[in-house]
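Note on naming: letters A, B, ... go to the chains in the order of the sequence lines (proteins, then strands), and numbering restarts at 1 for each one. It should be emphasised that the depicted structure is a prediction, and the values quoted were computed from it without experimental measurement.
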Number of protein chains: 2
Amino acid sequence: MFNINLQSRMPIYEQVYKKVIELIIKGILVENEQLPSVRNLSKELNINPNTVAKAYQELERNKIIYSLSGRGSFVAKTNRNQMKEHILEEFDVCIKEALQSGLTKEELKNRIDGVKL
Amino acid sequence: MFNINLQSRMPIYEQVYKKVIELIIKGILVENEQLPSVRNLSKELNINPNTVAKAYQELERNKIIYSLSGRGSFVAKTNRNQMKEHILEEFDVCIKEALQSGLTKEELKNRIDGVKL
DNA sequence: TATGTGTAACACTTCATTTAGTACACCTAA
DNA sequence: TTAGGTGTACTAAATGAAGTGTTACACATA
């Protein structure tokens, strides 16, 4: 379910952070569902528990999950639109950078059509 | 002409790099025009000459400028389309990340329309 | 009680970035 | 020829982010 890329320039904790959001947006993780424990996930991914904890803490800070001491971490009241808004705000940064560089909105929109995942 | 943000998470040398491309795309820097010298630009921006040099070296490595030892650095054969392609490839990364997170192309295109620079 | 949970703290390493300083070879104009 | 400007190269150091290793604590539950 989780998979991370140690070679990526993106920090591991950020990859975990985004992965959780992705799973929520896709409906794979649903409201009140328990996430893998910090220790389990860190073992599964072969990374340090602190790194997973950092991702979970960021997620909780943004009300995407809630953590109960001694119980575990769970998906908060699912608000798909809020999730999407979250991702779109990051996308905004990219848009602005491209526009800043002198490209037009039309050029960007056309580019999206051409992208294959 | 140049302006950088020391608070930005983006490395300074990368900001300089992008700024040059932006100026070329916008037609402010034209073919064979001389760029500010490493030492001058570093003074103007209050940063280390090595940082500017790093940006220029990256630009030369990508054939965007050419440097003549003892003379200076100049804009290479201007190919605006190549410049744009360069920026668009970076944009691709953002698109893929957003799609990966579960958003649709339509949602992204609509977002572009709403962005104000 | 034993085990699993999140959380916190600390020291340490690693790495990219940036700075500081020096030096060299080259070009050009006075 | 010379002085000053140019890119380039190199070493050393400081800084901060990221990640690791480890230990410890409080809480919940079977």
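Atom P of nucleotide dT14(C) and atom CZ of R9(A) are separated by 24 Å, given to the nearest angstrom.
For dT18(C), the OP1/OP2 oxygens have no side-chain nitrogen or oxygen of K54(B) closer than 4.0 Å. Phosphate contact (OP1/OP2 of dT29(D), side-chain N/O of R71(A), threshold under 4.0 Å): present. For T51(B) and dT19(C), the shortest distance from a side-chain N or O to OP1 or OP2 is below 4.0 Å. Side-chain nitrogen and oxygen atoms of S37(B) include none within less than 4.0 Å of the OP1 or OP2 phosphate oxygen of dG5(D). Contact annotation: Y13(B) side-chain N/O to dT17(C) OP1/OP2 distance is under 4.0 Å.
No N or O donor and acceptor, one from the side chain of N50(A) and one from the base of dA18(D), sit under 3.5 Å apart. For R39(B) and dG7(D), a side-chain-to-base donor-acceptor distance below 3.5 Å is present, hydrogens and geometry of angles not being considered. Side-chain N/O atoms of N48(A) and base N/O atoms of dG21(D) include a donor-acceptor pair closer than 3.5 Å.
Between G70(A) and S69(B), the residue anchored nearer the 5' end of DNA chain D, judged by the nucleotide with its closest heavy atom, is S69(B).
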Inset, instruction - Carefully, step by step, assess Y13(B) and Y56(B) under the rule ring pair (Phe, Tyr, Trp, His ring centres under 6.0 Å). - result: CA-CA 9 Å; Y13(B) 76 90; Y56(B) 280 16; over 10 Å; no

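Under the 30°/60° scheme for interplanar angles, the aromatic rings of Y17(B) and H86(B) are found to be tilted.
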